[in-house]
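Naming convention: chains lettered A, B, ... in sequence-line order (proteins, then strands); numbering from 1 in each chain.
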Number of protein chains: 2
Amino acid sequence: MLAKTVPPLLAQAIHPQAQACAACPVRDTALFGVLGQGSIRHIYAGIDSLALAAEARVYARGEPGTAVYTVRAGIVRFQRVTGGGERRIVRLAGRGDLLGPEALLQQPYADEAVACTAVQLCRIPVNLIDRLAQADPGLNQELMRRWQRALEQAGAWAVELSSGVARQRVLKLLAELARLADGSAEIWLPRREDIGAMLGLTVETASRMVSQLRREGVMTSLSRRCAALDTAALAAALRAG
Amino acid sequence: MLAKTVPPLLAQAIHPQAQACAACPVRDTALFGVLGQGSIRHIYAGIDSLALAAEARVYARGEPGTAVYTVRAGIVRFQRVTGGGERRIVRLAGRGDLLGPEALLQQPYADEAVACTAVQLCRIPVNLIDRLAQADPGLNQELMRRWQRALEQAGAWAVELSSGVARQRVLKLLAELARLADGSAEIWLPRREDIGAMLGLTVETASRMVSQLRREGVMTSLSRRCAALDTAALAAALRAG
DNA sequence: CGAGCCGTTGAGGGGATTCAAGCTCAGTGG
DNA sequence: CCACTGAGCTTGAATCCCCTCAACGGCTCG
């Protein structure tokens, strides 16, 4: 498979990290998907692969940004504290998503990014992106596309998950979590407090809704942080309003 | 195509539109603020100045995007319809803001853009931006900055204006409207239905809150769509929680 | 002048919050 | 091994805030 994407003779001359990136399972969906083989070869250093446990912080809001991150596996949340002092989750990032592009503009990180599940990230230094972008203008285009997608998703998140009655919001959140699990019926189930922070509800209300949906058979708890959805029942409940 | 739109002899002189742009009052805050005089001279055609009445639509969601718009004066809202069929306002744009950058990525407009007040816009065709960006790479950087700012504002909007009790949300909205009026105490006061669509409240609740704040002297109606704020009282009310 | 839209206010009901108490479960140390 | 502990989850009861339904007044416009 490596031989298919990279000519064998060149393989010796190519930096190990470049080979790893060329063979990356999320490469086509991630930031470097646009880079040609020529550019991929220039990824010779600076990229770190890191694994974080759930609840580990990737970066803090206001921190000077020196790197962006690509999500290889797991779910990351962007959160912020309101003027009133309460925590709100702005949106989630999943496989292939990019964290912290504001670092490329010499700006501090706009949100706090925290791992929801165990995650695997690629840490890409800002100056590497800068260099690659000079050689391959397609990268800038891809970055803009990602900004636009983030904007679109932020809007959808705000519009869909912060209006309507609590039950409806939780249902929509479950659908979103299924999407993040690539449509699988087994989803990551957030802590009740996090559900509250996503939907603008209290812990108690979040708990009540989850319990109710469990009793109705829309979902089944598999473990503390994992549940199985009955997607048909979920769709029906969403439609029922 | 260049020869068709601009007579050869005039091409060396500065086009009237280029002069207008160079003298634009919002030029330093708007998209073309980064362009040098050299690039500004290339804005010889294609930019239209347009004035829209309140409630006029700039573009619809899903419409193929052929142009971006810069706000010279007035306020524009981005809105969307939820899965449940209700209208929600995602954020507002004011002087110097850019509308519809997704058009630059050959994407349809993500939101519906509607004038809140009478507005003055500059319509900039996508292919003009493309041409300018080739000559002046700083323009791409500036575009990314704008995407990031939009993302930041969308997050702040969602977080601040869709949690807390109704009174608090309306107060925060008033503060935001003051910001859009360049800190002036005279603000544009939205229709009650629009306040509802911004804050996730019903028309009646929005009306009650506005009336209450008027009785408390936080604001005074100057005309149907315009009010004067007592900024000190507003700040105090916000702090009081 | 009637029609219609918008804003306002009231009354009642329902849903979310608040406060409070038990519960499960994993980790800890005796 | 097991009580102990603490964090997270659940559930109940009372309260409160917002929504719903309804009626009315002001204003613009045909």
With A:D194 as reference, evaluate A:R225, A:R77, A:R88 under the salt bridge (charged side-chain N to carboxylate O under 4.0 Å, His left out) test and give the passing residue. A:R77

Mind checking side chain to side chain contact (heavy atoms under 4.5 Å, CB included) for B:R95 and listing every partner two or more places apart, or none if nothing turns up? B:V26, B:D182

What is the ring orientation for B:Y59 with B:Y69, classed by angle as parallel under 30°, tilted 30 to 60°, or perpendicular over 60°? tilted

In short, A:R146 meets A:L31 closest at the heavy-atom pair NH2-N, 3.4 Å

Give the intermediate values and the outcome of side chain to side chain contact (heavy atoms under 4.5 Å, CB included) for residues A:W188 and A:L180. CA-CA 9 Å; A:W188 163 68; A:L180 277 171; over 6 Å; no

Once you round it to whole Å, what is the distance between C1' of D:dC18 and CD of B:Q168? 16 Å

Annotated protein contacts, base or backbone, on nucleotides 4-22 of chain C with a non-hydrogen cut-off under 4.0 Å, one of B, S, - each: --SSBBBB----SBBB---

